[in-house]
Amino acid sequence: MIITLKYFGLIADLVNTHEEQLELSVDNCTSQELCDTLQSKYPGLVNTNFAIAVNQLIIQSVTPISNNDIIALLPPFAGG
Amino acid sequence: MIITLKYFGLIADLVNTHEEQLELSVDNCTSQELCDTLQSKYPGLVNTNFAIAVNQLIIQSVTPISNNDIIALLPPFAGG
Amino acid sequence: METEKKIKKTFVQGAISPEFIGTSIAKHQSKTAIGAHNIFLGQVRADVIEGKKVVAIKYSAYEEMAELKFYEIREAAFAKYEVTCLHIYHSIGTVKTGEICLFVFVSAPKRKVVYEALHFLVEEIKASVPIFGKEILEDDSYTWKTNS
Amino acid sequence: METEKKIKKTFVQGAISPEFIGTSIAKHQSKTAIGAHNIFLGQVRADVIEGKKVVAIKYSAYEEMAELKFYEIREAAFAKYEVTCLHIYHSIGTVKTGEICLFVFVSAPKRKVVYEALHFLVEEIKASVPIFGKEILEDDSYTWKTNS
């Protein structure tokens, strides 16, 4: 499957990009598995606090990820 | 003694003036006695709700009135 | 922290214009310790009273006592809340429906205190300042407004 | 009661000017059912971080998600509170210290509800809209701001 990853703020600094496509050799996975994959790829994410949005909805627990999903890694908000 | 009376809003309508001097044949009196005097003079005040300020302070209970005091009859406030 | 406590006249003749409010906001841009502003505006409503529409309110006041009260309320707010500055303007004279008659402006480094201070100020102004409002109706008759 | 629920863009490029706020207030003078307005303004503070002064915040956002969140927050406020209208504007891009980055504007016939609705809106915006702030320091280094 192919998913789109979006990175913002501090997270974009850590991974050094704002967006990328990721091709995974599985048909689906969980948000937890995706996180593990990303933390292997970007060690800077390991001790960093971020929320995950799947298709613009923030997930509160482990969530299935499917082909074409858009996953955003969101550092703490600073609006206002 | 001589006192100054100030009337505002609805009260000024009822007594048909904004200010007057009142000469009383006593050297001092209470706010209650003054109210009785004013209600005799202006029957419209009898069933009307107002606060009394003596020298710009609203009185909460019966208060002595002396020569040269400024007494204001204040209908309900409508600021804002 | 910079504070502003000088006694200022609160009453302004007639309506408070949106431009005046904009200018007042602009004046705070040099105060860079401020992080939050909270503004309350009172606007004259076209209420219908016994079938007749309100077209304006003519405000009068026991002015000396009202300015004293405004001063006391301002001082009480500065004592109670850590605000950088606060401003109160109230109309005297005629304000038409849709126009602004009260402008209360509170500023502080952080937002929590501005909500509380603004609420305090507006409620105190309504409850304790001797201001009177003659609601002018469309047929030129009038009634006396009272705060609820 | 007249309500305004159309989806509007919330983000504005750069600082929100005091003139824009004044104009926004002026537009409400034709809405004569309104008796009370409450406005919150966020202003960029010149905080000192590790000895260096903040000179600006550069705001970025997950814009599609943020506009959706703003829409949801607006709808929630209309459902919860009897307000006549409400408006939210937030800066994107660079806002210098002393300039305004957030403008929330609530109007209703009576005042009680405007305090509550404004407080709800501001807290929701701070907590749930994916906006990020890069605090630019005087030596051109930066830190990432987080809401408290």
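Only the backbone of C:Ala61 comes within less than 4.5 Å of a heavy atom in chain B; its side chain stays farther off. Heavy atoms closer than 4.5 Å to chain B are found in the side chain of C:Tyr59, but not in its backbone. With a 4.5 Å cut-off on non-hydrogen atoms, C:Lys134 does not touch chain B at all. Neither the backbone nor the side chain of C:Ser91 comes within contact range of chain B, judged by heavy atoms closer than 4.5 Å. For a residue to count as touching a neighbouring chain, one of its non-hydrogen atoms must lie under 4.5 Å from one of that chain's; by this rule B:Asp13 touches chain C with the side chain only. Contacts between C:Leu102 and chain B at a heavy-atom distance below 4.5 Å involve the side chain alone, from C-beta outward.
For C:Lys80, the NZ atom counts as loosely surrounded, since its 6.0 Å shell holds 12 or fewer non-hydrogen atoms of other residues, nucleotides or ligands. Within 6.0 Å of NZ on C:Lys58 lie no more than 12 heavy atoms contributed by other residues, nucleotides or ligands. Counted within 6.0 Å of CG on B:Asn67, heavy atoms from surrounding residues, nucleotides or ligands total more than 12; the atom is thus considered enclosed.
Of all the heavy atoms in B:Gly80 and C:Cys101, the pair that sits closest is C-SG, 3.5 Å. Residues B:Ala78 and C:Gly133 come closest through the heavy atom pair CB-N, 3.7 Å. Closest approach of B:Ala53 to C:Met65, counting heavy atoms only: CB-SD, 3.9 Å.
Ring orientation note: the planes of C:Phe132 and B:Phe77 are nearly perpendicular, at an angle over 60° on the 30°/60° scale.
Ranked by heavy-atom pairs shorter than 4.5 Å toward chain B, the options C:Ser128, C:Gly42, C:Ser60 are led by C:Ser128.
Between the side chain of C:Asn147 and the main chain of B:Pro76, no donor-acceptor pair closer than 3.5 Å is present.
Listed by sequence position, C:Tyr142, C:Trp144, C:Lys145, C:Thr146 are the residues of residues 136-146 of chain C in contact with chain B, using a 4.5 angstrom heavy-atom cutoff.
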